[in-house]
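Report on the following structure.
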Amino acid sequence: MWNRFQVKALKRVLISEFNTWNKLDTMQKTQQALPRVYVTRRVPPEGLKILRQSGMCNIELWDSDDPVPRQELLKKVSGVDGLLCVLTEKIDAELLNIAGPNLKVVSTMSVGYDHLSRDELKKRGIRVGYTPDVLTDSVAELTVALLLATSRRLIEAVNEAKNGGWGTWRTMWLCGYELSQSTVGILGLGRIGVAIAKRLKPFGVKRFIYTDVAPRPELAAQIQAEYVSLDELAKESDFLAVCCALTPETQGICNSALFNKMKNTSIFINTSRGAVVNQDDLYNALTSGQIAGAGLDVTVPEPLPTDHPLFELKNCVILPHIASATIATRNAMSALAANNLLAGLKGEAMLKELKL
Ligand SMILES: O=C(O)C(=O)CO
């Protein structure tokens, strides 16, 4: 027989157990009620921290540095409320149909949005976040580095020094082209084009010219750039930097018609998207001497197969799409993508929303 103290103690234990169980049950129910979010890549820590600390979504993560296989992605998006993706994921009608009507927001950790079917997203009323501005400086910096590496033949020079090609100082050996007194052309003047021009100006560039679908006087005024036609841009640029977004209008815009108008001393640089260039035409322009050199941070496909003919050319410098690859920038991109996603889930204004 229990005395009254034992009964009281047992009561206390039971009540406390009941409360704990109740709390857990409520927590579980709340968790189940939270929006479901699929993150298609191990994005940099800043973004993941923001998502986790928000406590406002259930996150499932493809915890890898490599892209999620398409079939796995299609399986995982079914029924999600939000999707945080990177530029390797094609967000098209097939995926959106499988995702279903819960999907309210797609947030891409990229400034480029050519991997998103904008019409399909718009049709379904899905909001889209992206990450402009935070990568402008790192992309501009890398563009300048690539331009100098190409025009001053740095990769060839390093290889010659390392591989015994360095005989003696020679008068015309490894001579390249200099920015001083040059004309720099920008195809697609936006924030990145302006940032590139600002960095190039101190090298003694004489003139900046640009082309776009229409003049952009406010941006152009920052760098005293002159609006010209695509033809003039090709003919007059000593250095031609491609900074436009990939759209149906810009796909393949850098083709033989453009290269044939360029000077045979010109350097062509692309840090936007590979598909704005017709790579066969570029190969011909480089091998025929129609242009002097090309620096590419982007190609079709990516990665470019190691046996691709462009890799055989000494006057073509190819980087593996690293323009925004600084630790600070990639963290800022992931933080912005996470904040865009959370704002979209809450139905609030995003920091950077793409107009569809
Ligand atoms: O953000 C983008 O679109 C990129 O290409 C990454 O540098």
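Values in this document were obtained by computation on a predicted structure and should not be read as measured data. Counting starts at 1 for both ligands and their atoms, in listed order.
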Legend entry - Audit row: L187, C254, side chain to side chain contact (heavy atoms under 4.5 Å, CB included) steps and yes/no: CA-CA 10 Å; L187 203 174; C254 302; 3.8 Å; yes
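- In this structure, D63 pairs ionically with R42, as a charged nitrogen and a carboxylate oxygen lie closer than 4.0 Å.
- Of all heavy-atom pairs spanning R153 and C175, the tightest one is NH1-O, 2.8 Å.
- Polar contact with ligand 1: present for S324 (N/O pair, distance under 3.5 Å).
- Electrostatic pairing of D92 and R70 counts as a salt bridge here, judged by a charged N lying under 4.0 Å from a carboxylate O.
- Residue contact check: M333 has heavy atoms under 4.0 Å from atoms 1 (O) of ligand 1.
- Cluster annotation: L258 is not connected to I267 through the hydrophobic network of ILVMFWY side chains, with a link wherever side-chain heavy atoms come within less than 4.5 Å.
- No donor-acceptor pair under 3.5 Å is formed between the side chain of D212 and the backbone N or O of P215.
- Within the listing of ligand 1, atoms 2 (C), 3 (O), 4 (C), 5 (O) sit less than 4.0 angstrom from a heavy atom of R273.
- Each of the atoms 1 (O), 2 (C), 3 (O) of ligand 1 lies under 4.0 Å from some heavy atom of S110.
- Using a 4.0 Å cut-off between heavy atoms, T131 makes no contact with ligand 1 at all.
- Distance from atom 1 (O) of ligand 1 to its nearest protein heavy atom, with residue and atom name: V111 N, 2.8 Å.
- Between S272 and ligand 1, no pair of N/O atoms sits closer than 3.5 Å.
- In this structure, M109 has no heavy atom closer than 4.0 Å to ligand 1.
- Considering all non-hydrogen atoms of both residues, L341 and L51 come closest at CD2-CD2, 3.8 Å.
- A donor-acceptor distance shorter than 3.5 angstrom exists from the side chain of S334 to the backbone of P44, with no hydrogens or angles considered.
- In the vicinity of L135, heavy-atom distances shorter than 4.0 Å reach the ligand 1 atoms 1 (O).
- Nearest to atom 4 (C) of ligand 1 among the protein's heavy atoms is L87 CD2, 3.4 Å.
- Atoms of ligand 1 found under 4.0 Å from any heavy atom of H321 (numbered from 1 in listed order, with element): 4 (C), 5 (O), 6 (C), 7 (O).
- Contacts of A323 with ligand 1, taken as heavy-atom pairs under 4.0 Å, are absent altogether.
- Taking both residues in full, the closest heavy atoms of I186 and G193 are given as CD1-O, 3.6 Å, listed atom of the first, atom of the second, then distance.
- At a heavy-atom distance under 4.0 Å, no atom of V298 approaches ligand 1.
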